[in-house]
Amino acid sequence: MSVGTQHNGRGSTTSTMDGDTLAVLETADRIRSTIETVIEGKSGVVRIALTVLLAEGHLLIEDIPGVGKTMLAKALGRAIDCSVTRIQFTPDLLPSDITGVNAYHQRSGEFEFKPGPVFANVVVGDEINRASPKTQSALLECMEEGQVSVDGATRELERPFMVVATQNPIDMEGTYPLPEAQRDRFMARIAVGYPQPQAELDMINSHGARSPLEELRPVATVADVRTMVEQVRSIHVAPAIQRYAVDLISATRTSPALRLGASPRATLHLVRAARAYAALHSRDYVLPDDVQDLAVPILAHRLLPSPEAQMEQRSPEQVVSELVARLPVANRR
């Protein structure tokens, strides 16, 4: 893929990419720039969202109300010319409201399947933890297998398929904590956070008269995204980097600060995300830096702290950061 190398500011090398890869990077950059016209001053958050998209994962955005969680999810969907649906999760939402239902057609005397909002390329799940665990579980099959089973019939979902869910912190009123199996299906969890003062001033002007989402136009097609995904799959992960990722995952399973470590699915998600992250940094190979940068957003939401860690107020994010700092770094190539 690469035809040469050049040094970057981090002391590592960056590939001079071929034409196909450069086209992928240009498309990704257009999507990023478009999203950032709506979400200002959050380039790191947008980069993680793009990483998850290119790695064929699902994204969980957790933060307090009013910081732009839903805005980010909608902007990602509208930047691509694809089908986008939104589900407002509420306590009375039923699983069939998500997956669809077989309805009896009186004129024909037969049952007809009415697809639910999950049949789209990008599904925005707003406040997912306000629905009951039974309703949340309706997403398990579609997120893992890309299909929906209703009344014994299985239907494939569109590709690409991405769930971008938002949730409020679990200590807020009217929320249900996501089950471990549900959290594990999200490739990454991010927090938007408060904007910087200057970005908030800019937001007053840009959001004052009308929502910038109304003016946002698609800058990529479904075919573009499929091409990017295929290109990301070819990013090289050296055996030493694979071992480094496995060692990091294993460390979460043996850490006394955690009573639930990361699953094998987390290992696959970490490596797939590292490929996409490397591509977004103009490289056709993964570095330990990529694994380290992604460790917290990919792993922390899957982990449960031990009672001792909770008493010490050590969060899973802190534990993962400590493991990354302690674990020997693998050879880069």
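The backbone N or O of Ile249 lies less than 3.5 Å from a partner atom in the side chain of Thr252, making a donor-acceptor pair. Not a single donor-acceptor pair under 3.5 Å links the side chain of Ser255 to the backbone N or O of Ala251. Of the possible polar contacts, none joining the His281 side chain to the Asp290 backbone as a donor-acceptor pair under 3.5 Å is found. Side-chain atoms of Arg302 come within 3.5 Å of backbone atoms of Met187 as a donor-acceptor pair (strictly under, hydrogens ignored). Without hydrogens or angle criteria, Arg189 side chain to Pro297 main chain gives no donor-acceptor distance under 3.5 Å. Remark: the backbone N or O of Val219 is paired with a side-chain donor or acceptor of Arg30 at under 3.5 angstrom.
Arg275 and Glu56 are not joined by a salt bridge, as no carboxylate oxygen comes within less than 4.0 angstrom of a charged side-chain nitrogen. Ionic pairing of Glu36 and Arg32 is present here: one or more N-O contacts between side-chain nitrogen and carboxylate oxygen are shorter than 4.0 angstrom.
The closest side-chain heavy-atom distance from Leu76 to Met162 is below 4.5 Å. Looking at Ile190 and Lys42, their side chains never come closer than 4.5 Å, going by heavy atoms from C-beta outward.
Cluster membership check: Ile298 shares its hydrophobic cluster with Leu327, using side-chain heavy-atom separations under 4.5 Å among Ile, Leu, Val, Met, Phe, Trp and Tyr. A continuous path of hydrophobic side-chain contacts links Val324 to Val271 [ILVMFWY only; heavy atoms under 4.5 Å]. Taken together through direct or relayed side-chain contacts under 4.5 Å among Ile, Leu, Val, Met, Phe, Trp and Tyr, Val229 and Val52 form part of one hydrophobic cluster.
Results of the side chain to side chain contact (heavy atoms under 4.5 Å, CB included) test with Leu72 over Val124, Thr166, Ile39, Asp63 single out Ile39 as the only residue that passes.
Using modelled atom types and a 3.5 Å distance limit, the side chains of Thr221 and Asp224 yield a donor-acceptor pair. Checking Ser263 against Asp184 by side-chain atom types alone, a donor-acceptor pair falls below 3.5 Å.
No cation-pi contact links Arg155 to Phe119, judged by a cut-off of 6.0 Å to the six-membered ring centre and 45° from its axis.
Counted within 6.0 Å of CD on Gln196, heavy atoms from surrounding residues, nucleotides or ligands total 12 or fewer; the atom is thus considered open. By the neighbour-count criterion of 12 heavy atoms within 6.0 Å, atom CZ of Phe113 is densely surrounded, having more than that number from other residues, nucleotides or ligands.
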